[in-house]
Structure formats: structure tokens, C-alpha cells
Amino acid sequence: MRDRKKKHLRERLEKCASLLYIPAPEDLNFATSVQKPEYIDTAAYFGNSNPLHLEIGCGKGKFICEAAKRHPDINFIAVEKVANVLVMACERARRDELRNVLFLKCDAHMLPKYLKDHSVAQIYLNFSCPYPKNRDTNKRLTYPAFLEIYRRLLLPDGEIHQKTDNMGFFEFSIEQFSQNGFGLKHVSLDLHGSDFEGNIITEYEKRFSDLGQPIYRLEAYDLRTEQSV
């Protein structure tokens, strides 16, 4: 069932226009549309050349806004394709008067159209939809096609940080990273029971943790880049 469109959604998004980019590509075919880039001028938007971090699937924005507060010397782009959810993230950042966050409404497949190759220092995949049915594996954000997009966007020493409550999805992700030229480090099967410092708890994370479910976390890096240096 689709979520109902939130009341005054357009007006609410317009109030957040200064920190929101909603592209309207003429070509909606991922494969061909990304061949005609429309890169976001991040230096002009943020007014600096600070490192760029990217969250894919930012939800209501709790993680990205807290990260932006903690790290004012980092620029953050938060991607979310559902307007009903995106508007709440934008309003949170607007309320907190954050100047180092830009929200981008698009599908993850389209990211190479809007972000330059090798421009991102870190990618966050926080509680992405696990798509548990086998027929939906190509929708999982750690499916090989997405990993190639991340490889394209990341700087040579860039990293992917993933958190999930879903053990099956976590195992799938580890397998895909390992089979597609990524190394793994700081793999945790119980994040909240570990000595990891600096964790930012997301909305989903709190919900699942309160239910006593373990939180899984890993960091991935591109072995192909490392071997070519």
C-alpha cells in the first residue's frame, strides 16, 4: 500500500528549497540518462571544498543531521527518493540551521548523473530495505550493480559504511562485497555490544535495538584501487 501524500507537501518542500535538489531528468532510463551528466556543483553550493560524504536512503534525516552537527568540516549529501519521507529530513535540517547538508531526491541508480566520479570520501548505507524475496535481490543496495556505482563515485581511499538489523541482508552484503573486489574491516555482529565509538543511532536502529535485536555493521573499501596504488 502506498503512503498517503502528506498535507501541504509541495509547500513544505518549497520552504526547504535552499537545501534541496529535485532533478527532473527527461530520460528516466538509468543506463542512458547517466551518459548525460548534470553534475551538482558542490563547491558552489557549500562554498568550500571540504570532503563529501553521501548517505543513500536518509529516511527522516536523524543520522545525516546529527553527522552534520558533529562534523561541520564535512559536506553531506543525503539521498532519498520518497518525497513524504524526504520532506521530514529537510525540515529537520532547516530547523537545525545546518549549512553543510544537501538533500537529493533521486534513485540510487541515477547518482552518477549528478555526482562526479571519485568525488565522495564516504558512503553510508543505514538500514536499507533488505528486499527479502529472492526475486528482488537486484534492488538491494549492495547488489553488484550498485557496488559498481559506489566504486565509480568513491575516492581511491573512500569507504562504505553499512548498518542493518537484518542478518540475511548482512550476510548477502558481505558475500557481494567480497565477490566484487571489496575488502572488509570493523565487521560487527553486535554493534551496541561492541566498543565502537562515535555511532549515530538512526530511527530504525533505536526501534530494533529496543526490541533486543542485534545491529550489524561493516566498513568496505575497494581492493582494486588499493592494489593499483
Side-chain angles (χ1 to χ4, degrees), residues 1-28 30 33-34 36-116 119-129 139 141 149 153 161 163 198-208:
M1 182 181 294
R2 291 185 177 181
D3 291 337
R4 280 187 173 183
K5 183 177 178 181
K6 290 190 177 296
K7 285 186 176 181
H8 310 297
L9 178 60
R10 179 177 294 180
E11 293 87 343
R12 290 169 64 184
L13 289 171
E14 287 176 351
K15 289 181 180 179
C16 299
S18 63
L19 42 78
L20 173 63
Y21 180 51
I22 304 180
E26 294 181 4
D27 183 0
L28 298 179
F30 302 137
S33 186
V34 297
K36 300 175 182 177
E38 300 173 14
Y39 294 137
I40 298 170
D41 189 342
T42 55
Y45 174 80
F46 292 111
N48 58 60
S49 56
N50 289 342
L52 184 64
H53 289 197
L54 171 68
E55 183 184 18
I56 302 175
C58 70
K60 298 177 183 177
K62 186 176 188 297
F63 172 86
I64 205 69
C65 290
E66 180 60 29
K69 289 179 189 175
R70 293 188 189 184
H71 305 284
D73 55 342
I74 294 175
N75 297 328
F76 294 88
I77 291 184
V79 177
E80 176 59 58
K81 64 181 180 179
V82 181
N84 271 0
V85 179
L86 179 63
V87 69
M88 290 185 280
C90 292
E91 289 174 339
R92 183 192 293 264
R94 182 169 177 260
R95 183 171 61 249
D96 292 344
E97 299 183 343
L98 297 174
R99 297 291 179 264
N100 58 331
V101 181
L102 172 63
F103 293 91
L104 171 60
K105 184 182 182 301
C106 79
D107 188 285
H109 285 100
M110 296 289 277
L111 286 171
K113 184 177 180 68
Y114 305 115
L115 298 178
K116 294 180 180 178
S119 62
V120 177
Q122 207 152 279
I123 293 175
Y124 302 100
L125 304 176
N126 291 319
F127 298 89
S128 312
C129 180
K139 297 179 182 178
L141 287 181
I149 290 174
L153 296 177
H161 293 189
K163 289 196 291 185
N199 183 47
I200 297 174
I201 297 177
T202 73
E203 293 95 342
Y204 282 112
E205 184 171 353
K206 185 179 188 309
R207 180 190 306 175
F208 295 128

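The shown structure was predicted, so the numbers you read here are calculated from the model rather than taken from an experiment.
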Pair listing, salt bridge (charged side-chain N to carboxylate O under 4.0 Å, His left out) test, anchored in residues 36-48, at least two apart: E38-K113

All pairs passing salt bridge (charged side-chain N to carboxylate O under 4.0 Å, His left out) where residues 95-104 contributes a residue, at least two apart: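 Qualifying pairs, neighbours excluded: K69-D96.
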
Any residue meeting salt bridge (Lys or Arg N to Asp or Glu O under 4.0 Å) with [X], in chain and number order, not counting sequence neighbours:
| X | value |
| --- | --- |
| E80 | none |
| K60 | none |
| K81 | D107 |

Heavy-atom pair of closest approach, residues C58 and E55: CB-OE1, 3.4 Å

Minimum heavy-atom distance K206-I201, with the two atoms named: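 Smallest heavy-atom distance, with atoms named: N-CG2, 3.7 Å.
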
Ion pair R70/E66, N-O distance below 4.0 Å: yes

Qualifying ring-ring contact (aromatic ring centres under 6.0 Å, His included) pairs, either residue in residues 66-112, two or more places apart: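 Matches after skipping sequence neighbours: F30-H109, H53-F76, H109-F146.
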
Partners meeting side-chain hydrogen bond (donor to acceptor under 3.5 Å, both in side chains) with E203 (sequence neighbours left out):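 With neighbours one apart ignored, the set is empty.
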
All side-chain hydrogen bond (donor to acceptor under 3.5 Å, both in side chains) counterparts of N100, not counting sequence neighbours: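 N100 satisfies side-chain hydrogen bond (donor to acceptor under 3.5 Å, both in side chains) with no residue once adjacent residues are dropped.
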
Side-chain touch I56/L111, heavy atoms, less than 4.5 angstrom: yes

Donor-acceptor contacts under 3.5 Å from residues 12-24 side chains, at least two apart:
from	atom 1	to	atom 2	distance (Å)
R12	NE	E91	OE2	2.7
R12	NH2	E91	OE1	2.8
R12	NH2	E91	OE2	3.4

For [X], give me all partners under ring pair (Phe, Tyr, Trp, His ring centres under 6.0 Å), at least two apart in sequence or on another chain.
| X | answer |
| --- | --- |
| H8 | none |
| Y204 | none |
| F63 | Y124 |

